[in-house]
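All heavy atoms count here, side chains included; hydrogens, waters and symmetry mates do not. Order of the sequence lines fixes the chain letters, A, B, ..., with proteins taken first and strands second; residue numbering starts at 1 for each chain. Because the structure is a prediction, the values reported are computed rather than measured.
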Number of protein chains: 2
Amino acid sequence: MAATIADVARRAGVGVGTVSRVLNNRPKVRPATRARVLTAIEELDYVPSETARRLSLGRTQTIAVLSIHLVIPSVIERIRGIESSLTAAGLDMIIRNVETVDRRAQAIRDMSRAERVDGAIFISIGPDPDEYAQIRASGVPVVLVDAHHPELPSVVSDDVEGGRIAGRHLLDLGHTRLGFVGDPPNPSLGVRSSRMRLQGVTEALKERGLRIDPSHIVEGEHSRAEARRSALTILSAPDPPTAVVAANDTLAFGVLHAARDLGLSVPGGLSVIGYDDIDAADLVGLTTVHQPLQETGTEAARRLLALIDGTGTGPSRTTLPVHLTVRETTGPPP
Amino acid sequence: MAATIADVARRAGVGVGTVSRVLNNRPKVRPATRARVLTAIEELDYVPSETARRLSLGRTQTIAVLSIHLVIPSVIERIRGIESSLTAAGLDMIIRNVETVDRRAQAIRDMSRAERVDGAIFISIGPDPDEYAQIRASGVPVVLVDAHHPELPSVVSDDVEGGRIAGRHLLDLGHTRLGFVGDPPNPSLGVRSSRMRLQGVTEALKERGLRIDPSHIVEGEHSRAEARRSALTILSAPDPPTAVVAANDTLAFGVLHAARDLGLSVPGGLSVIGYDDIDAADLVGLTTVHQPLQETGTEAARRLLALIDGTGTGPSRTTLPVHLTVRETTGPPP
DNA sequence: GTGAAAGCGCTAACAC
DNA sequence: GTGTTAGCGCTTTCAC
C-alpha cells in the first residue's frame with residue numbers, strides 16, 4: 001500500500017542505504033544524488049514507517065506520562081506543558097491514568113518492560129522503594145513532577161515557600177488563628193506537597209511567635225466534597241479560625257462551599273486562600289498561591305529529553321518559584 | 001538486555017513459532033508444551049516487544065485523538081472517556097492538540113501516513129472536503145465526537161434538544177426576552193453545536209409563539225473574556241433580555257462576570273443558563289444543560305474499535321441524551 | 001503439533 | 001560517496 005524505502009531507492013536508482021542517509025540528513029551524499037532521492041520521495045509521497053524505525057533503532061520515540069487522577073485541574077495543566085515540549089521534539093506521549101496503587105505498580109511494570117518507552121514522567125507520584133528498584137533496573141530515565149525522590153530528578157515548585165507566602169499574607173491582614181485543609185498525610189500515592197505547604201504556613205506563624213491549633217488542621221481526600229466536610233468541622237468548633245489555607249484550589253472551593261453553608265461571608269466573615277491558581281480560581285475570584293503548572297511540565301520534558309540523549313545531568317531537583325495572586329477571598333479578620 | 005522470543009524458545013526447547021502461538025493463545029499447542037513455554041516466559045520475565053509486534057502485524061495498536069484546544073474543559077472530559085476505553089482494550093492513544101486550521105491539516109496528514117495509526121477520533125473537529133478525501137484515501141477509520149459529517153460515524157449529544165430544554169426552562173419561569181451568547185457562527189474548525197443549541201432555543205420560543213430578538217444574539221470567540229464582553233453588549237442595550245442562554249459553561253461564566261460588572265444579581269436580576277455541566281458549573285452553582293461528556297468518549301472509542309476489527313457498522317450517528325441540571329443561576333424574571 | 005524460514009521496513013556496519 | 005547486507009523481534013505460512 002504505502003511506499004517503502006525500497007520503492008524510493010528503486011525509483012531513484014540508488015540503494016536503500018543512501019535513501020536512509022538522505023532521510024536522516026547525514027553527510028556523505030552527493031548533492032545530485034540527494035536531489036534524486038528527494039524527488040523520488042516527493043513523487044511517491046513517501047513517509048518512513050515510525051514502527052520500523054523504532055524496531056531498528058531500539059528506541060520507541062515514546063515517553064510515558066504516569067499521572068494521578070486525570071480530573072485534577074493542576075495535573076491537566078502540567079500535561080499540557082509536557083505535551084507541547086514533546087510534540088516539538090517529535091516524540092509521542094502515552095498517558096497512564098493511575099488511580100490506585102495497584103494500577104501504579106502495573107503501569108510501572110508495563111512501562112519498563114512491555115512498552116519499552118524511552119523515558120517517563122511521573123506527575124504527583126513518588127515511587128516507593130520497590131518501584132524505584134524496578135525503574136532503576138529497567139534503565140528507563142524518569143523525571144518526577146510535583147514529587148520527590150532522593151535518586152530521581154524532579155521538577156517541583158517551592159511548596160514550603162508557597163505555604164509561607166500564604167501564611168504571611170493572612171498574618172499581614174491581621175489574622176492570628178489560621179486553619180488548614182489539606183490532602184491526606186500519608187497518601188497512598190506518595191505525594192507530599194500538601195504537608196510541605198502546611199509546613200510553610202507553620203513557619204510563617206512561627207516568625208510572628210504564633211502557632212496553628214492542631215485541631216484546626218484537617219487532612220482528607222482530595223475532593224471538594226471532602227474539603228467541605230473538613231472545613232465544616234473546624235469552622236463549627238468553638239474558637240474557629242478566621243482564615244483557612246487550603247492545600248490546593250479544589251479544596252479551597254470546598255472551604256468556600258462550607259462557608260456558604262454556615263452563612264459566613266467571604267472575606268468578611270472568613271478569609272480563604274488556595275494553592276495552584278487553576279483556571280477556575282480566577283473564575284470565582286479566589287486568592288491563591290500561583291505556581292507555574294505548565295512550566296513544570298515543559299521543564300520536566302526538557303530534562304527528560306536531555307537524560308535520554310545522554311546530555312542530561314544526574315538526579316537533581318529543579319525548583320520553580322511561586323507567587324501570591326490576591327483576589328477577593330481574603331481580607332481582614334472580622 | 002531484555003529477553004526475546006528466541007530466548008524463550010531456546011529455554012523451552014521449542015521453536016519461536018510455538019512460543020508465538022502460546023503468546024497469542026492460539027490452539028494447536030499440546031498442553032505440556034504450552035506449560036513448558038509458560039514456565040520459560042516466567043523464568044526469563046519475558047514480555048514481547050510491542051514494536052516488533054507492530055511491525056510484523058502492520059498495525060500500530062495506537063489510535064490518534066485530534067482535538068481542539070486542550071484547555072476546554074469539555075474536551076478534557078471526553079478524552080478521559082476515550083482513554084479509559086482504549087487502555088482497557090490495550091491500545092495506546094496519542095493526542096494531537098489542534099489549535100489552528102493549518103495544524104489540523106498537518107495532523108490529518110501525519111495521522112494517515114507517517115504515524116499510521118489504526119484509527120482516529122476527532123473531538124469537535126469536522127473535516128472539510130479535502131480532509132475527508134484524505135481520510136478516506138488513507139483508509140484509517142475515524143469517529144467524530146461532537147461534530148458531524150455525512151460519511152463519517154459520529155457520537156454527539158442532542159444539541160437541538162438541549163437548547164430546547166434550556167429555552168423551555170426559562171420560559172416556564174416566566175421569561176419572555178431571552179439572550180444567547182455562543183461560539184462563532186462559522187468556526188474555522190467546523191463545529192456547529194453552538195448553532196444547533198441556538199436553534200433549540202429558538203424552537204422552544206416558537207412553541208409559545210415567541211421569538212428571540214436578533215440583537216440579543218452574540219456569537220464570539222470561545223473564551224470567558226469574550227463572552228463577558230458580548231454579554232455586556234446585550235445587557236446594556238435598551239430593553240435587555242431577562243435571561244441569557246450560553247452555548248457552553250465557559251461562556252456562561254463570562255456572562256455571570258458581566259452581570260457582576262453591571263451590578264445585576266443572579267438570578268434576581270438576570271437568569272443565566274449554561275451548557276455542558278463541567279466540573280466548575282457545580283462549583284459556582286450554575287444551572288446548565290448536562291450532557292454526558294465522558295460517555296461520548298467511551299462510546300466513540302467503542303465504535304472505533306468495532307470499526308478497526310471489522311465488526312463495526314457503517315457511518316451512523318449515535319445521539320446521547322441530555323438533561324437539565326437546575327442550580328442557582330436561574331429564577332423568575334425581575 | 002511443531003520447527004524452520006521468510007518477511008515487516010528500517011538503520012548501520014562494511015565493502016568497494 | 002554509494003550499494004549490499006545483516007540484524008531489530010515479532011507473526012505467519014509451509015513443510016514435516
Earliest and latest nucleotide of DNA chain C, 5' to 3', sitting under 4.0 Å from a non-hydrogen atom of chain A?
-> C:dG9 to C:dA13
Of residues 11-26 of chain A, the positions that come close to DNA chain C - non-hydrogen atoms, cut-off under 4.0 Å | A:Gly17, A:Ser20, A:Arg21, A:Asn24, A:Arg26
Does a side-chain N or O from B:Arg54 land closer than 4.0 Å to OP1 or OP2 of D:dC10, or not?
-> no
Knowing that exactly one of A:Thr4, A:Leu38, A:Val14 qualifies, which makes a side-chain contact (heavy atoms from CB on, under 4.5 Å) with A:Val19?
-> A:Val14
Residues within residues 35-44 of chain A bordering DNA chain D, heavy-atom distance below 4.0 Å | none
Whole-Å distance, A:Arg59 CZ to D:dG9 C1', equals 18 Å
Would the number of heavy atoms belonging to other residues, nucleotides or ligands and lying under 6.0 Å from CZ of A:Arg59 be above 12?
-> no
In whole angstroms, the gap separating P of D:dG3 from NZ of A:Lys28 amounts to 15 Å
Residues passing the side-chain contact (heavy atoms from CB on, under 4.5 Å) test with A:Leu307, sequence neighbours excluded, are A:Pro141, A:Val143, A:Pro153
Let me see the working for B:Thr296 and B:Asp146 under side chain to side chain contact (heavy atoms under 4.5 Å, CB included), right down to the final yes or no.
-> CA-CA 8 Å; B:Thr296 60; B:Asp146 185 37; over 6 Å; no
In degrees rounded to 10°, what angle is found between the helical axes fit to the five outermost pairs at each end of the helix from C:dG1-D:dC16 to C:dC16-D:dG1?
-> 50°
In whole angstroms, the gap separating C1' of D:dC8 from CZ of B:Arg53 amounts to 17 Å
Using a heavy-atom cut-off of under 4.0 Å over every strand shown, decide if A:Leu55 touches base, sugar-phosphate, or nothing.
-> base
Can you tell me how far P of D:dT11 sits from CD of B:Gln61, to the nearest Å?
-> 10 Å
Ion pair A:Glu83/A:Arg80, N-O distance below 4.0 Å = no
Yes or no on side chain to side chain contact (heavy atoms under 4.5 Å, CB included) for B:Leu293 and B:Gln291, after CA distance, side-chain angles and deciding distance?
-> CA-CA 6 Å; B:Leu293 294 169; B:Gln291 65 164 323; 3.7 Å; yes
Quick one: on DNA chain C, does B:Leu57 or B:Arg34 contact a more 5' nucleotide (nearest heavy atom)?
-> B:Arg34
Those residues at least two apart in sequence (or on a different chain) that pass salt bridge (charged side-chain N to carboxylate O under 4.0 Å, His left out) with A:Arg54 are A:Glu50, A:Asp92
Over 12 non-hydrogen atoms of neighbours within 6.0 angstrom of CG in A:Asn97 = yes
Report yes if a side-chain nitrogen or oxygen of B:Thr51 is closer than 4.0 Å to either non-bridging phosphate oxygen (OP1 or OP2) of D:dC8; otherwise report no.
-> no
Charged N-O contact under 4.0 Å between B:Arg302 and B:Glu299 = yes
Has the side chain of A:Ser138 got a donor or acceptor atom that lies under 3.5 Å from a matching backbone atom of A:Ile135?
-> yes
Test side chain to side chain contact (heavy atoms under 4.5 Å, CB included) on A:Ile95 and B:Ile95 and set out the steps.
-> CA-CA 9 Å; A:Ile95 298 179; B:Ile95 297 179; 4.1 Å; yes
Can you tell me how far P of D:dG1 sits from CZ of A:Arg30, to the nearest Å?
-> 7 Å
Within the side chain of B:Arg36, is there an N or O that forms a donor-acceptor pair under 3.5 Å with the backbone of B:Ala12?
-> yes
What's the verdict on side chain to side chain contact (heavy atoms under 4.5 Å, CB included) for A:Arg10 and A:Leu44, showing C-alpha distance, side-chain angles and the deciding distance?
-> CA-CA 11 Å; A:Arg10 203 173 312 120; A:Leu44 293 170; over 6 Å; no
